[in-house]
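Working notes for the structure below.
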Amino acid sequence: MSELGLVLTTTDYILLVIAIVLVVWSLINLLTAPSKKIQDKVDTTETEAEKRIEPQETWSDRLNKGLSSSRQNVWGKISGILSQKKLDDEVVEELEEILYTSDLSPALVAELMDKLEESKEEISPKEQIKGFLKDKMLPAQEKVNNALYDFNKTEEKKTQVIMVIGVNGAGKTTTIGKLATKLKNQGAKVVVGACDTFRAAAVEQLEVWCKRADVEIVKAAEGADPSGVAFDAVKKANNEGADYCIIDTAGRLHTKSNLMDELAKTKKVMSKIIPEAPHHTLLVVDAITGQNAMRQAEEFNKSLQLNGLVFTKCDGSSKAGSAVTIVDKLQVPIVYIGVGERVEDLDKFELNSFIDALVG
Ligand SMILES: Nc1nc2c(ncn2[C@@H]2O[C@H](COP(=O)(O)OP(=O)(O)OP(=O)(O)O)[C@@H](O)[C@H]2O)c(=O)[nH]1
Ligand SMILES: [Mg+2]
């Protein structure tokens, strides 16, 4: 210091230190200010994001989303064409081509085309198509037994037996898991019978669902007689005053008569405990199956007298025409519809919402 010719007093030193502290403090402030601004921005954005949280998807949203491919590729497309073009020979041909890919039977395609050709101008093509599909399904849909959905605690306790059948992989076990959950959530006591004794994995799959749903399962070792398991399950449900007993069965081809006979035997055995059992024999149909679904339904109906259908995988590339054809031809209603693998992806089949989601 003395070299610079400066003599600093104690006061000068103190002032110097204060000045240094002030400079450092300003520098720190300068450097942290932008990050504080960013932080403020992030905080605001987060608050906005919180506000933007999507409301829970409703069943109607899921149904609409599930049937979007059928709507875009067939039903909505047809009404779209009709609202833009006159119904001349060329358009008739174009519509027929689309309709034949819809899995609607040829007889129903012809009937719908006649209806569209005769149609009056005051009704929009969309409403005509909706009206046609509803008319075909309504008589059967009116026959649905509400005991399948509504568990009413005040009613006299009687076990309702629901037998679930179908070809391999149609979605039987998954549907039972979802159904058991739904009924249990209403307060019902549910017993599930694991009658698919062909594979140990089938019982394990059902056990997972039953555990999740907190319902009881009656099972036997792999290879056991499925009729015996059904008998035990219905007996337990009946003795314990359960509200529902749901019977899972092994998938089988409708063309294998010995396997169809085995199913008929399982069905019959249950009536030894409750004469009306099974109260509901439900065929699970994979909607993507297309035209072959009609053959399946016919054969299962012949052997087991169906009183309900469950259409699963309607979230896939199904065109849904087979649903209309089967309901119309067999006069068996669709009782549940599945649009995905989660519990909330199964719901009661409701004709108007189905047709609205299908046609748009
Ligand atoms: N996308 C979709 N997948 C489904 C639906 N229902 C069932 N699945 C799936 O289809 C597959 C077969 O389902 P399962 O319930 O095992 O079929 P299953 O009829 O019991 O089959 P088997 O017992 O082998 O005859 C599983 O991967 C399910 O998750 C649905 O509505 N949509
Ligand atoms: Mg199964």
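Just so you know, ligand 1 is whichever comes first in the structure, and atom 1 is the first atom listed for that ligand. Worth knowing before you read on, the calculation uses all heavy atoms, side chains too, and leaves out hydrogens, waters and symmetry mates.
Atom 16 (O) of ligand 1 has Gln205 NE2, 2.9 Å as its closest protein atom, hydrogens excluded (heavy atom only). Atom 25 (O) of ligand 1 has as its closest protein heavy atom Lys172 NZ, 2.8 Å. For atom 24 (O) of ligand 1, the nearest non-hydrogen atom of the protein is Arg199 NH2, 3.3 Å. Among protein heavy atoms, atom 17 (O) of ligand 1 sits closest to Gly171 N, 3.1 Å.
Ligand 1 has no N or O atom lying under 3.5 Å from any N or O atom of Thr312, backbone or side chain. Close N/O approach between Asp315 and ligand 1 is found [any backbone or side-chain N/O within under 3.5 Å]. For ligand 1, the polar-atom distance check finds an N/O of Glu341 within less than 3.5 Å of one of the ligand's N/O atoms. At least one N or O atom of Gly169 sits closer than 3.5 Å to an N or O atom of ligand 1. Considering both main-chain and side-chain atoms, Thr174 comes within under 3.5 Å of ligand 1 through a nitrogen or oxygen pair. Inclusion of Gly340 in the set of residues having an N or O under 3.5 Å from an N or O of ligand 1 is warranted.
Ile165 has its side chain within reach of Leu306: a pair of non-hydrogen atoms, C-beta onward, lies under 4.5 Å apart. Looking at Phe132 and Leu108, their side chains come closer than 4.5 Å, going by heavy atoms from C-beta outward.
Among all heavy-atom pairs drawn from Ala264 and Ser303, the shortest one is CB-O, 4.4 Å.
In this structure, Ala170 counts as a contact residue of ligand 1, since one of its heavy atoms falls inside 4.0 Å of the ligand. The shortest separation from a heavy atom of Val339 to ligand 1 is under 4.0 Å, placing the residue in contact.
Within ligand 1, the atoms closer than 4.0 Å to a non-hydrogen atom of Gly251 are 25 (O), numbered from 1 in the order shown. Close contacts of ligand 1 with Gly338, meaning ligand atoms under 4.0 Å from a residue heavy atom, involve 31 (O).
Between the OG atom of Ser353 and the CG atom of Leu63 there is a distance of 6.5 Å, given to the nearest 0.5 Å.
In this structure, Glu262 does not pair ionically with Lys265, as no charged nitrogen and carboxylate oxygen lie closer than 4.0 Å. Contact check on Asp356 versus Lys130 returns a salt bridge, with a Lys/Arg side-chain nitrogen under 4.0 Å from an Asp/Glu carboxylate oxygen.
Using a distance-only test at 3.5 Å, with no hydrogens or angles considered, a donor-acceptor pair links the side chain of Thr197 to the main chain of Ala224. Using modelled atom types, one side-chain atom of Lys182 and one backbone atom of Leu346 make a donor-acceptor pair closer than 3.5 Å. Looking at Thr101, its side chain never comes within 3.5 Å of a backbone N or O of Val74 through a donor-acceptor pair. Lys178 places no side-chain N or O within donor-acceptor distance of the main-chain N or O of Asp347, the cut-off being under 3.5 Å.
The option from Thr175, Thr249, Thr173 that lies nearest to atom 20 (O) of ligand 1, judged by heavy atoms, is Thr173. Among Arg342, Arg252, Lys313, the residue whose heavy atom lies closest to atom 8 (N) of ligand 1 is Lys313.
At a heavy-atom cutoff of 4.0 Å, ligand 1 is contacted by the side chain of Asp196 but not by its backbone.
Inclusion of Thr173 in the first shell of the Mg ion (ligand 2) is supported: an N, O or S atom falls under 2.8 Å.
Shown are Phe354, Tyr149, Phe349; of these, the ring-ring contact (aromatic ring centres under 6.0 Å, His included) with Tyr336 is made only by Tyr149.
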